[in-house]
Amino acid sequence: MVTITGIPDGWPTDEAAARAAQDALRGRVVVDETGPPPGAGTVTGIDVAYDDERDVVAAAAVVLDADTLDVVEETTAVGRVAFPYVPGLLAFREIPAVLGALRELTADPGLVVCDGYGLAHPRRFGLASHLGVLTGLPTMGVAKNPFAFAHDTPGRERGSAAPLLDGADEVGRALRTRTGVKPVYVSVGHRVSLDNACAHALALTPRYRVPETTRRADRLCRDALAAVSDGVLGLTARPLPGT
DNA sequence: GCGACAG
DNA sequence: ATCTTGTCGC
């Protein structure tokens, strides 16, 4: 079956309202907790895929055993696109669908690993922090590209890191998850420490640059999007006659 | 004002 | 994110 997600009541419709919402919520981010230790319990990857042409979005949540990295549970949700892509306001585009997928889970998500940033954000309230505040779950962000803060190049070996600095504050780290491969960008979302977030990022990358959580969620939400685009929501053309 | 800009 | 073919390398 396909679960369909709506957009929460009062969800911002324009950029000014979205920025105001970030300003109103960022004070609720909890930064004095260490979070679950790597290898214990579960870790959950979330990701979203879009078909802006058809105004359709698909989200996926994949729960992994933190020790073995085996899949424990997978859920998806589809809906209409809630917000355009605007740098700094990514959460408003992704979160409604993500909440839909998380609602379907029966397993404990444990630490939620997001695509993007948490505190390493222009207003200190990126996607990972926003999702954490809305759900109460510990969250962290792992972005594939640099965003708001400059940084030095980390050492070439897996595990090397360079701080993302906002003045004197370390708001994240460029972390080398594989030797000789370009780094990823780790930041705290909610209820985890930066050190622990980096440890998790390394525990989740035994083979590839990107965490196993996000790789799994990425594939699942793309599959879900392809499935709905193929007619589940009555959005596509009929097969060609005689083919 | 101009360019850059998570996904 | 998404559009897209081949291609270099382990």
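Values in this document were obtained by computation on a predicted structure and should not be read as measured data. Chain naming here is simple, since letters A, B, ... match the order of the sequence lines and numbering starts at 1 in each.
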Touch class at under 4.0 angstrom, heavy-atom based, for A/Leu89 against every strand present: base

Distance, rounded to the nearest Å, where A/His151 contributes NE2 and B/dA4 contributes P: 17 Å

Per-pair stack call A/Tyr85 and C/dA1, 5.5 Å, 30°: no

Expected output: side-chain A/Arg158 to main-chain A/Val181 donor-acceptor under 3.5 Å: no

Value in whole Å for how far the C1' atom of C/dT2 lies from CG of A/Asp223: 16 Å

Sugar-phosphate, base or nothing in reach of A/Gly88, heavy atoms under 4.0 Å: base

Side chain A/Arg173, main chain A/Ala162, donor-acceptor under 3.5 Å: no

Value in whole Å for how far the C1' atom of C/dA1 lies from OH of A/Tyr117: 16 Å

Any A/Asn145 side-chain nitrogen or oxygen under 4.0 Å from OP1 or OP2 of B/dC5: no

Distance test, side-chain N/O of A/Arg93 to OP1/OP2 of B/dA6, below 4.0 Å: no

Check: A/Glu73 side chain, A/Ala107 main-chain N or O, donor-acceptor pair, under 3.5 Å: yes

Whole-Å distance separating the CZ atom of A/Arg54 from the P atom of C/dC3: 11 Å

A/Tyr50 side-chain N/O to B/dG7 phosphate OP1/OP2 under 4.0 Å: no

Heavy-atom closest contact (A/Leu131 atom, A/Thr139 atom, distance): C-CG2, 4.4 Å

Whole angstrom value for the distance that separates P of C/dC3 from CG of A/Asp52: 10 Å

Gap between atoms CZ and P, on A/Phe149 and B/dC5 respectively (whole Å): 15 Å

Donor-acceptor contact present, side-chain A/Ser187 to main-chain A/Gly172, <3.5 Å: no

Sugar-phosphate, base or nothing in reach of A/Ala49, heavy atoms under 4.0 Å: sugar-phosphate

Length of the CZ-P vector between A/Arg222 and C/dA1, whole Å: 6 Å

For atom CG of A/Asp115 and atom C1' of B/dG7, their distance in whole Å: 7 Å

